[in-house]
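What follows is a set of notes on a single structure, which appears directly below.
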Amino acid sequence: MPWVVREAVRDINRAVGRRWHAIDPLLPDPGTLPTGCGEPLVVTGDNGRMAGLGVCVHQHIPPQSLNQTWGAAERFTLVPRLPGQDITTAADLLLTQWRDHLAGVGATRGPDTSASVVWPSMDVTGIQALLRHGLQPLTVIAARTRPNGPPSAPRRAYGVTIRPAGPGDEERVLDLELRLIRYDMHFGGPVWRGATAKLVRDEVRDSLIHPDPWTWLAERNGRAVGLLVAQPPQDAGWIAGMTSKTPAAYLQTMFVEGQERGTGIGAALVRNLHARLDGMGVAVTLLHHSQVNPLSAPFWYRMGYRPLWTSWEARPATALR
Ligand SMILES: CC(C)(COP(=O)(O)OP(=O)(O)OC[C@H]1O[C@@H](n2cnc3c(N)ncnc32)[C@H](O)[C@@H]1OP(=O)(O)O)[C@@H](O)C(=O)NCCC(=O)NCCS
């Protein structure tokens with residue numbers, strides 16, 4: 001990248017940072033732009049100056065990676081940097097350039113492809129442009145900050161015991177994990193792959209051999225009816241950069257069996273985790289949920305979470321218009 005362009009990119013990043021912090025203090029400073037598939041896409045303002053830019057990242061997720069279960073195998077992601085107050089026009093121009101760019105990429109034409117943009121949930125200007133280009137709000141990263149005051153005591157659900165899971169619980173944890181994936185598939189996020197069950201089993205086994213696997217089961221009469229899996233800050237570095245607060249933990253899995261829902265088991269599992277996180281001084285806890293899952297959003301917002309980032313997606317990638 002030539003020097004003048006590098007300077008302009010730095011100025012834009014700074015302006016985007018100011019804008020983000022005004023919109024939502026939990027947003028981080030914009031990170032350095034990733035290396036894209038080519039030169040950045042540049043939006044030019046009426047005055048001829050750079051009014052924003054975006055980098056397109058192409059990713060092939062191999063079948064032996066569990067990541068392939070969480071979305072399309074060929075992923076095309078736009079990383080936008082748009083300063084200014086009302087960014088609808090700039091977003092529209094950038095998305096048009098991106099669509100034209102992807103139209104020339106052969107790998108976008110298969111069925112197992114997606115085009116996505118991760119957008120600050122509180123940044124409402126620009127949403128019309130995302131919708132106009134055929135993108136759908138699929139997944140939300142929600143955040144809960146540590147409340148002021150003394151850590152809240154965990155609350156119990158009637159007739160249910162919460163206990164940490166260990167190596168002997170592999171089948172119980174696997175069963176609930178796979179049921180959660182099957183449930184989440186209703187909302188267009190995960191894709192069941194040939195290797196999904198084996199890869200989830202490997203992950204469960206690897207995690208349960210740790211002395212403190214951050215996995216809890218809710219049991220009624222000795223039967224596992226609920227599961228919560230979390231990552232403490234030392235394992236959540238992969239997502240910590242999505243927020244300004246530190247340290248950050250990640251809530252990875254939450255599932256309560258169908259006929260047991262609505263009786264306080266989910267809340268008891270979450271409060272048990274929150275008591276631990278608050279006691280450790282964890283500043284923020286992040287999680288993913290499907291925007292259209294009718295059970296998760298009301299539950300998470302009741303538990304003190306709120307939207308931070310929304311992932312907008314066109315699947316297959318050619319649905320971008
Ligand atoms: C989301 C889920 C874990 C909630 O567990 P649960 O045991 O049913 O929740 P609880 O009974 O503990 O409810 C806790 C609080 O949230 C509220 N709540 C839970 N689900 C709700 C819903 N769909 N709509 C409105 N409020 C809801 C309850 O009323 C309760 O409020 P209260 O504290 O005022 O009494 C459960 O529905 C589930 O497993 N769903 C399928 C898997 C899933 O969606 N997982 C989350 C993926 S991100």
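All values below come from the heavy atoms of this structure, side chains included, with hydrogens, waters and symmetry mates left out. Counting starts at 1 for both ligands and their atoms, in listed order.
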Aromatic ring pairing H58/H101, orientation class (parallel under 30°, perpendicular over 60°, tilted between)
tilted
Ligand-residue contact atoms, ligand 1 with [X], heavy atoms, under 4.0 Å:
X    : value
N293 : 43 (C), 44 (O)
P294 : 23 (N)
H289 : 48 (S)
T263 : 11 (O)
H288 : 48 (S)

Determine, considering heavy atoms only, which of [options] sits nearest to [atom].
atom                    : options                : answer
atom 10 (P) of ligand 1 : G264, A297, G189       : G264
atom 18 (N) of ligand 1 : Y183, F255, F299       : F299
atom 41 (C) of ligand 1 : H186, M303, R182, R261 : R261
atom 25 (C) of ligand 1 : G266, G258, P298       : P298
atom 46 (C) of ligand 1 : M254, Q252, R179       : M254

Does an N or O from S296, backbone or side chain, lie closer than 3.5 Å to an N or O of ligand 1?
no
Counting only N and O atoms by type, is there a donor-acceptor contact under 3.5 Å from the side chain of Q97 to the main-chain atoms of V42?
yes
Backbone, side chain, both or neither: what part of [X] comes under 4.0 angstrom of ligand 1, heavy atoms only?
X    : result
A267 : both
E257 : neither
A157 : neither

Return yes when atom CD of Q64 has more than 12 non-hydrogen atoms of other residues, nucleotides or ligands closer than 6.0 Å, and no otherwise.
yes
Residue N148 excluded, over 12 heavy atoms near CG under 6.0 Å:
no
L320 with L130, same ILVMFWY side-chain cluster at under 4.5 Å:
yes
May I ask you to identify the nearest protein heavy atom to [atom], giving residue, atom name and distance to one decimal place in Å?
atom                    : answer
atom 39 (O) of ligand 1 : V256 N, 2.7 Å
atom 48 (S) of ligand 1 : W300 NE1, 3.4 Å
atom 16 (O) of ligand 1 : R302 CG, 3.6 Å
atom 8 (O) of ligand 1  : G262 N, 2.7 Å

Is atom 35 (O) of ligand 1 touching the protein, meaning some protein heavy atom lies under 4.0 Å away?
no
Using protein heavy atoms only, decide if any is under 4.0 Å from atom 28 (C) of ligand 1.
no
Whether the [X] and [Y] side chains hold a donor-acceptor pair (N or O, under 3.5 Å, no angle test) is what I'd like checked.
X    : Y    : result
T125 : D123 : yes
H289 : D184 : no
T113 : T108 : no
T310 : Q291 : no
S116 : S311 : no

Is the terminal nitrogen or CZ of R261 (NZ for Lys, CZ for Arg) located under 6.0 angstrom from the six-membered ring centre of F255 and within 45° of that ring's axis?
yes
